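Chain A is the first sequence line, chain B the second, and so forth, proteins listed ahead of strands; every chain is numbered from 1. Bear in mind that the values here come from a model prediction, so they are computed numbers and not experimental data.
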Amino acid sequence: MKKADIPIMIGHLKELYPDAHCELLYNNPFELLIAVLLSAQCTDKLVNQVTPGLFAKYPKPEDFLSLSQAEMEDEIRRIGLFRNKAKNILETCRRLVVEQGGQVPNDYDYLVGLPGVGRKTANVVLSTAFGVPAIAVDTHVDRLSHRLGLTKATSVLQTELDLMKKLPKAEWTFTHHALILHGRRVCTARSPKCGLCSLQSICDLHQKEAKKVAKQTRKQAEA
DNA sequence: ATCCCGAGGG
DNA sequence: CCCTCTGGAT
């Protein structure tokens, strides 16, 4: 994708997903943090089946501290990766209570220091709960950034830096959410629906595919 | 690079 | 059956 195509891309994304937002259910920064911790390697839809009931029983970090590891695992078993997630949630809650008075701080360095919280999770909490411009690079954002030609990065950190450099800061959070929706609905991991994609004309993947098809038809014409 | 892991889609 | 899901730690 050329530099001049970036405003075009953002324009298309705004038409397609005018109200792109975080699809995890939450009522406050703490609930969002827990929901994002749970969402690793699983669909937000599945997380949303579990968290409303969970937060009704345990509204605040203090409330989770009465749970044993085994009890915490039972609460979130259906989500998968439940041993690590249960352990991380309990330790996160313990630290929020002891170190932050039970509040989630608006502080990137503190958040990434929590167990199970990496760059992606911290960025989602900062941007979604606190309105800080950020691009959380997850599997969708990474895949679409490569396909579109926004980056050739070999790490998600490098992808994030490339996106921050190329996209206007005011559009970081929106673009993050819009790319996720587009990745789920159109530019899927397997068999992307390029025929239905309004970004075709500016997408590197589509240009490559078009060349392949042209080459094949040329061969067939010769034979 | 590998592991964690259940649920859902193709 | 295999792949993927808003990753992170080792």
**Prompt:** C:dA9 P sits how many Å from A:Asn88 CG, rounded?
**Reply:** 7 Å
**Asked** Is the NZ or CZ atom of A:Lys14 positioned over A:Phe174's six-membered ring, under 6.0 angstrom from the centre and within 45° of the axis?
**Response** yes
**Asked** Are side-chain N/O atoms of A:Asn48 and A:Glu23 paired as donor and acceptor at under 3.5 Å?
**Response** no
**Complete:** Heavy-atom nearest pair, A:Ala136 first then A:Val124, reads CB-CG2, 3.5 Å
**Asked** Looking across every strand, which nucleic acid part, if any, lies under 4.0 Å from A:Ala189 by heavy atom: base, sugar-phosphate, or nothing?
**Response** sugar-phosphate
**Request:** Name the nucleic acid region contacted by A:Leu179, choosing base, sugar-phosphate or nothing; use a 4.0 angstrom heavy-atom cut-off, strictly under.
**Result:** nothing
**Message:** Can you work out whether A:Ile79 or A:Lys193 has the more 5'-proximal nearest nucleotide on DNA chain B?
**Reply:** A:Ile79
**Item:** Whole-Å P distance, B:dT2 and C:dT6
**Value:** 24 Å
**Asked** Between A:Asp44 (CG) and C:dC5 (C1'), how many Å, whole number?
**Response** 9 Å
**Item:** Pair A:Tyr17, A:His177: side-chain N/O donor-acceptor within cut-off below 3.5 Å
**Value:** no
**Message:** Please report the distance, rounded to the nearest Å, between CD1 in A:Ile76 and P in B:dC5.
**Reply:** 10 Å
**Item:** Euclidean distance, atom CG of residue A:Leu181 to atom C1' of C:dC5 [Å, nearest integer]
**Value:** 15 Å
**Asked** How is A:Ser191 classified with respect to the nucleic acid when contacts are heavy atoms under 4.0 Å: base, sugar-phosphate, or nothing?
**Response** nothing
**Asked** Can you find a side chain N or O atom of A:Gln41 that sits less than 4.0 Å from OP1 or OP2 on C:dC5?
**Response** no
**Request:** Mind running a 4.0 Å heavy-atom check of residues 139-166 of chain A against DNA chain C and sending the residues that fall below it, in number order?
**Result:** A:Thr139, A:His140, A:Arg143
**Request:** Please answer: with hydrophobic residues joined when any side-chain heavy atoms are less than 4.5 Å apart, are A:Leu67 and A:Leu37 in the same cluster?
**Result:** yes
**Prompt:** When rounded to the nearest 0.5 angstrom, what is the spacing between CG in A:Leu54 and CD1 in A:Ile89?
**Reply:** 7.0 Å
**Nucleotide nearest A:Arg190 (side chain, heavy atoms from C-beta), chosen from B:dG9, C:dT6, C:dG7** = B:dG9
**Pairwise 5' ranking along DNA chain C for A:Cys42 and A:Leu114, keeping only the more 5' one** = A:Cys42
**Asked** Rounding to the closest angstrom, what is the interatomic distance between C:dT10 and B:dC5 at atom P?
**Response** 14 Å
**Message:** In this structure, how many angstroms lie between the C1' atom of B:dC4 and the CZ atom of A:Phe82, rounded?
**Reply:** 9 Å
**Message:** Without decimals, in angstroms, what is the distance between A:Arg185 CZ and C:dT4 C1'?
**Reply:** 18 Å
**Asked** Is atom CD of A:Gln158 surrounded by more than 12 heavy atoms (other residues, nucleotides or ligands) closer than 6.0 Å?
**Response** yes
**Asked** Just checking A:Val117: base, sugar-phosphate only, or nothing, at a heavy-atom cut-off of under 4.0 Å?
**Response** sugar-phosphate
**Complete:** From NZ of A:Lys85 across to C1' of B:dC3 the rounded distance in Å is 14 Å
**Prompt:** Toward the 5' end of DNA chain C, which comes first, A:Pro115 or A:Lys120, by nearest nucleotide?
**Reply:** A:Lys120
**Prompt:** Taking for each residue the nucleotide of DNA chain B with the nearest heavy atom, is it A:Gln49 or A:Arg83 whose nucleotide lies nearer the 5' end?
**Reply:** A:Arg83
**Item:** Donor on one side chain, acceptor on other, A:Asp44 and A:Ser39, under 3.5 Å
**Value:** no
**Asked** Roughly, in whole Å, what's the span from CG in A:Asn123 to P in C:dG8?
**Response** 9 Å
